[in-house]
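Since the structure comes first, as structure tokens, the remarks are kept for the end.
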Protein chains: 2
Amino acid sequence: MNAEIVEKLRGHGIQPSAQRVAVAEYILATDEHPSAERVLARVKRRFPMVSRATVYNTLNLFVEKGLVQQLVLTGGRVVFDPWVEDHHHFIDEATGKIHDIPWDAIEVKRVDRLKGFDVRKFHVVLKGRRRG
Amino acid sequence: MNAEIVEKLRGHGIQPSAQRVAVAEYILATDEHPSAERVLARVKRRFPMVSRATVYNTLNLFVEKGLVQQLVLTGGRVVFDPWVEDHHHFIDEATGKIHDIPWDAIEVKRVDRLKGFDVRKFHVVLKGRRRG
DNA sequence: TATTACTTTAGACTTAGTCTAAAACTTAAT
DNA sequence: ATTAAGTTTTAGACTAAGTCTAAAGTAATA
């Protein structure tokens with residue numbers, strides 16, 4: 001059992017069961033922005049008996065405790081992202097792959113001046129192609 | 001049958017059946033960003049026998065022909081937007097309601113300078129509260 | 001009018017997300 | 001160490017939205 005992950009879960013107020021550690025080991029190390037179903041498929045490799053409810057419950061708990069972020073960017077898919085700090089997203093339309101874009105790579109102005117809206121959070125969603 | 005809508009459908013290369021006109025009358029006039037299920041519920045008021053497949057097929061055709069835009073912004077919901085020109089979106093976290101923000105209300109810079117990415121399209125997604 | 005092409009229907013199917021009650025496991029108390 | 005309390009997982013059922021299918025209905029063309 002990965003001691004570093006255990007500590008990290010505890011630090012976020014999460015009781016580290018074997019299944020939760022397995023989920024965290026995958027989700028915290030990936031830059032794939034996986035769906036819950038993909039997480040389930042991956043965790044099943046180590047825990048063939050793991051139940052769907054456990055994986056979904058675990059992911060939802062991780063989001064609730066701020067360990068990962070849940071995104072909805074394309075195709076109705078909910079995906080998970082270990083990068084919880086503000087950043088932007090680029091979606092490669094050829095592959096469907098989602099790429100993280102550092103916050104400062106793009107400059108956004110006048111967000112605070114929208115009439116009638118209190119903006120708590122924002123980010124830019126970009127679509128196009130990855131350059132080979 | 002609404003002649004204006006019929007012409008608009010034809011103009012987009014869409015054969016105007018009664019069901020398609022009913023869907024268009026609702027989707028082109030609303031600023032609600034409805035889900036397909038909501039469109040189905042609304043169209044059922046006029047066409048109680050309309051089938052789910054017809055509504056979904058119709059919405060997907062409208063997107064394909066550029067009559068409406070399909071968005072994925074929150075909660076895994078796919079929603080439809082008659083405003084096909086570039087604009088931004090504000091999601092009211094209290095109500096779930098999606099608001100259109102004019103393109104020029106926000107300034108976004110340096111998008112063209114992202115290393116390794118050809119950006120075809122982008123917009124800003126904002127979350128917060130609508131001010132009373 | 002007949003034929004061809006297109007659209008809709010009704011119901012079945014799929015998938016991802018949730019619910020449920022019981023079993024299993026962990027932690028706390030004695 | 002044992003018991004009790006609390007938490008987590010399981011297995012399977014359920015739900016809702018999106019898709020598929022084959023037949024029926026409608027529109028366009030010859």
Side-chain angles (χ1 to χ4, degrees), chain A residues 1 5-7 9-10 12-27 32-65 67-68 70-80 96, chain B residues 1 3 5-7 9-10 12-27 32-44 46-65 67-68 70-80 96:
Chain A
M1 174 120 37
I5 298 276
V6 169
E7 283 315 301
L9 291 186
R10 288 218 163 99
H12 282 78
I14 298 166
Q15 166 87 329
S17 63
Q19 290 86 339
R20 288 174 175 175
V21 172
V23 171
E25 278 172 349
Y26 171 60
I27 196 70
E32 289 179 331
H33 299 85
S35 64
E37 288 296 301
R38 174 143 180 79
V39 177
L40 175 60
R42 288 300 304 267
V43 172
K44 258 182 155 40
R45 288 187 194 174
R46 173 179 265 132
F47 282 95
M49 310 302 281
V50 75
S51 87
R52 171 179 267 116
T54 297
V55 172
Y56 276 90
N57 286 339
T58 300
L59 287 168
N60 289 335
L61 180 66
F62 286 0
V63 170
E64 182 193 317
K65 300 293 188 181
L67 188 67
V68 303
Q70 178 178 291
L71 299 172
V72 181
L73 295 173
T74 185
R77 288 158 45 205
V78 174
V79 299
F80 298 88
Chain B
M1 176 115 40
I5 297 277
V6 170
E7 281 316 301
L9 291 185
R10 286 217 163 99
H12 282 80
I14 298 167
Q15 166 88 335
S17 63
Q19 290 85 343
R20 288 175 177 176
V21 172
V23 170
E25 278 173 346
Y26 171 59
I27 197 71
E32 288 179 333
H33 300 86
S35 63
E37 288 297 302
R38 175 145 179 80
V39 176
L40 175 59
R42 287 301 302 268
V43 172
K44 260 183 158 25
R46 176 183 254 136
F47 281 95
M49 309 304 281
V50 74
S51 89
R52 171 180 265 113
T54 295
V55 172
Y56 277 90
N57 287 339
T58 299
L59 287 169
N60 289 335
L61 179 66
F62 285 0
V63 171
E64 183 193 318
K65 298 293 187 181
L67 187 67
V68 304
Q70 179 177 290
L71 300 172
V72 180
L73 295 174
T74 184
R77 288 157 47 204
V78 174
V79 300
F80 299 89

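These numbers come from a predicted model, not from an experiment. Residue numbering restarts at 1 for every chain, and letters A, B, ... go by the order of the sequence lines.
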Inset, instruction - Enter the inter-axis angle for the ends of the helix from dT1(C)-dA30(D) to dT30(C)-dA1(D) (five pairs per end, rounded to 10°). - result: 20°

Inset, instruction - Nearest whole angstrom, please: distance from the P of dA16(C) to the CG of Asn60(A). - result: 15 Å

Legend entry - Set of residues satisfying salt bridge (Lys or Arg N to Asp or Glu O under 4.0 Å) with respect to Glu37(A), sequence neighbours excluded: Arg52(A)

Inset, instruction - Starting from C1' on dT8(D), measure out to CD on Glu64(A) and report it in whole angstrom. - result: 15 Å

Inset, instruction - Using the test side chain to side chain donor-acceptor pair (under 3.5 Å), find all partners of Ser35(B) that sit at least two apart in sequence or belong to another chain. - result: none

Inset, instruction - Could you pull out the closest heavy-atom pair between Val55(A) and Ala36(A), with the gap in Å? - result: CG1-O, 4.1 Å

Legend entry - Contacts of type side-chain contact (heavy atoms from CB on, under 4.5 Å), residue Val68(A), not counting sequence neighbours: Ile27(A), Leu28(A), Phe62(A), Val63(A), Phe80(A)

Inset, instruction - Sorted by first residue and then second, give each salt bridge (Lys or Arg N to Asp or Glu O under 4.0 Å) pair with at least one member in residues 39-48 of chain A; sequence neighbours left out. - result: Glu25(A)-Arg46(A)

Inset, instruction - Classify every nucleotide of nucleotides 6-15 of chain C by which part a protein heavy atom approaches to under 4.0 Å, writing B for the base, S for the sugar-phosphate alone and - for neither, in 5'-to-3' order. - result: -SSBB-----

Legend entry - Residues which pass salt bridge (Lys or Arg N to Asp or Glu O under 4.0 Å) with Glu32(A), listed by chain and number, not counting sequence neighbours: Arg38(A)

Inset, instruction - For Arg77(B) and dG17(C), give me the distance from atom CZ to atom C1', rounded to whole Å. - result: 16 Å

Inset, instruction - With rounding to the nearest 0.5 Å, note down the distance linking OG1 in Thr54(A) to CE in Met49(A). - result: 11.5 Å

Inset, instruction - Report the distance from atom OH of Tyr56(B) to atom C1' of dA16(D), rounded to the nearest whole Å. - result: 8 Å

Legend entry - side-chain contact (heavy atoms from CB on, under 4.5 Å) involving Ala41(B) - partner list, sequence neighbours excluded: none

